[in-house]
Chemist: 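Following this message is one structure expressed as structure tokens.
Heavy atoms only: backbone and side chains are in, while hydrogens, waters and symmetry mates are out. First the proteins, then the strands, lettered A, B, ... as listed; each starts at 1.
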2 protein chains.
Amino acid sequence: MTEVHETETGARARTRRAIVEAAVRELAHDAATSLGQIADAAGVGRTTLHRYFPDRAALLDAVGSETVARLTEAHARARLDDGDARTALLRLCPEYLLLGDLLTLFFTGVVPDTVLDEGGAAPLAALVARGHREGSIDRELDVDWVVGVVWAQLYLAWATLREGQAARHDIVPMLVRTVDKAVAP
Amino acid sequence: MTEVHETETGARARTRRAIVEAAVRELAHDAATSLGQIADAAGVGRTTLHRYFPDRAALLDAVGSETVARLTEAHARARLDDGDARTALLRLCPEYLLLGDLLTLFFTGVVPDTVLDEGGAAPLAALVARGHREGSIDRELDVDWVVGVVWAQLYLAWATLREGQAARHDIVPMLVRTVDKAVAP
DNA sequence: CCAGGTTGGAACAGCAGTGTTCCACTAAGG
DNA sequence: CCTTAGTGGAACACTGCTGTTCCAACCTGG
């Protein structure tokens, strides 16, 4: 994790970003997309894609790193340490929802879980554990189960949003409501 | 839907079942498995597989039919019309969980949603609508959202079970508990 | 026992994706 | 202006999957 992509010349950084973003979009839509498809979506030749990412695995790695970075930002914005754990958890939901397609990649396992365990998933588990100690989260439910329920509903919310079956301002209240009720003691 | 596979000679029916079951297992594990992989898992030559299912689409169709059939059985066992809707919904959860890998196929969209809409998914939506009328299910939540929450948690429960991270007798109570709390008014 | 139904293996052509090389083109910076 | 980093396209070999054909072996019931 000592890459210094940020310091590369403008053009390179821009191209790299375009490819990673297109990869996220296309992979979320179909985990088995071809590299050619991703290159097209990025508005870039397949040759160029291979110049930045020698093979599929390298591109997937980059997508993984992107995921962890965006996850970390979301944690910061939700201020997980402020107030009681359940309220913090409900603050986190809309932030996670902003991750969009990354949620799909995370959930469908396109990004290897190992990447995420190394810092992406830990804060949420810690938050739930705090809720257990405080008593703001149902102690009858395993930490893993609570984490799973939150992720599952987030993925559902994103899928609904993406399909255009409901608007964000309709979805978020229902998401928060069902998560709240499910995990409350 | 006028196939008469049941009336075929013993050997043919047995082989056919073995292939479909292996397909469910392998496709749940990896939606992009090759037909050769499925044939191996079924303990059958690839030639034989092609004899029963000319191409991939035909096999997927068969898996879809299997899904609808098993779904219908589950609905019958749960007696969806007995008692109040929320209680019936909670009865349905363990029944659905018995579907195992089929849950994964359903959820990951390996089986085209159109197949399921034609009879697989309707009863659940109808049940939730009844719950809304009765008042046993939270009216603040869309029917679609409630259905989604149930499916998402079922999938989570099955995934946890399949990974061996928890036993069925630990999972089912938590599943029922979170579904109940989430959908209760 | 033996004829018909059933099977598996080998071999084939076709296709799509991958990763590579090479070369010509462009545009931005010194 | 002219160098140079960055790019895209064409072509290539290679791999793995698909769907097909053909044939030898096999049981299994009559």
Side-chain angles (χ1 to χ4, degrees), chain A residues 3-66 104-105 108-112, chain B residues 3-65 105 108-112:
Chain A
E3 296 98 351
V4 283
H5 304 304
E6 306 78 24
T7 68
E8 284 171 331
T9 158
R12 284 196 69 82
R14 218 176 318 122
T15 304
R16 192 177 196 281
R17 283 200 60 80
I19 294 174
V20 172
E21 282 169 15
V24 169
R25 221 175 320 130
E26 297 299 309
L27 288 171
H29 182 264
D30 172 13
T33 335
S34 69
L35 297 182
Q37 185 69 39
I38 294 173
D40 281 358
V44 139
R46 195 164 65 86
T47 313
T48 301
L49 189 151
H50 274 110
R51 219 189 313 272
Y52 284 79
F53 306 98
D55 55 20
R56 186 170 247 271
L59 179 54
L60 255 44
D61 269 8
V63 169
S65 301
E66 172 79 1
T104 310
L105 297 187
T108 56
V110 173
V111 172
Chain B
E3 297 98 351
V4 283
H5 304 303
E6 307 77 25
T7 67
E8 284 170 330
T9 158
R12 283 195 69 83
R14 218 177 317 122
T15 304
R16 193 178 194 280
R17 284 199 59 81
I19 294 174
V20 172
E21 282 169 15
V24 169
R25 221 176 318 130
E26 297 299 308
L27 288 171
H29 182 265
D30 171 13
T33 335
S34 69
L35 298 181
Q37 185 69 40
I38 293 174
D40 281 357
V44 138
R46 195 165 65 87
T47 312
T48 301
L49 188 152
H50 274 110
R51 217 186 318 269
Y52 283 80
F53 306 97
D55 55 19
R56 186 170 249 270
L59 180 53
L60 253 44
D61 269 10
V63 170
S65 300
L105 297 187
T108 57
V110 173
V111 172

Chemist: With a 4.0 Å cutoff (strictly under), does any side-chain N or O of B:T15 reach OP1 or OP2 of C:dT7?
Modeler: yes
Chemist: Distance check needed: D:dT18 P versus B:H50 NE2, whole Å only.
Modeler: 7 Å
Chemist: Nearest-Å distance, CZ (A:R56) to P (D:dG16)?
Modeler: 15 Å
Chemist: Write down the distance between CZ (A:R46) and P (D:dA11), rounded to a whole number of angstrom.
Modeler: 14 Å
Chemist: Quickly work out the A:R51 CZ to C:dC22 C1' distance and round it to whole Å.
Modeler: 11 Å
Chemist: Can you tell me how far P of D:dG6 sits from CG of A:L49, to the nearest Å?
Modeler: 16 Å
Chemist: Hey, is the side chain of A:R12 pairing donor to acceptor with the base of D:dG6 inside 3.5 Å?
Modeler: no
Chemist: Please report, rounded to the nearest Å, how far the C1' atom of D:dT7 is from the CD1 atom of A:I19.
Modeler: 11 Å
Chemist: Quick one, B:H50 and B:L35 - any side-chain contact, counting heavy atoms below 4.5 Å?
Modeler: yes
Chemist: When you compare the side chain of B:V111 with that of B:V63, does any pair of heavy atoms fall below 4.5 Å?
Modeler: yes
Chemist: So what does A:T47 hit on the nucleic acid, given a heavy-atom distance under 4.0 Å: a base, only sugar-phosphate, or nothing?
Modeler: base
Chemist: Tell me whether the side-chain N/O atoms of A:Y52 come closer than 4.0 Å to OP1 or OP2 in D:dT7.
Modeler: yes
Chemist: Both conditions, 6.0 Å and 45 degrees, for the charged tip of A:R12 above the ring of A:Y52: are they met here?
Modeler: yes
Chemist: Kindly say whether A:T104 contributes a backbone atom to a donor-acceptor pair with the side chain of A:T108 at under 3.5 angstrom?
Modeler: yes
Chemist: Give the rounded distance in Å between these two atoms: CD of B:Q37 and P of D:dT18.
Modeler: 11 Å
Chemist: If you assign B:T33 and A:T48 each to the DNA chain D nucleotide with the nearest heavy atom, which residue ends up on the more 5' nucleotide?
Modeler: A:T48
Chemist: How many whole angstroms separate atom CG of B:L35 from atom C1' of C:dG8?
Modeler: 16 Å
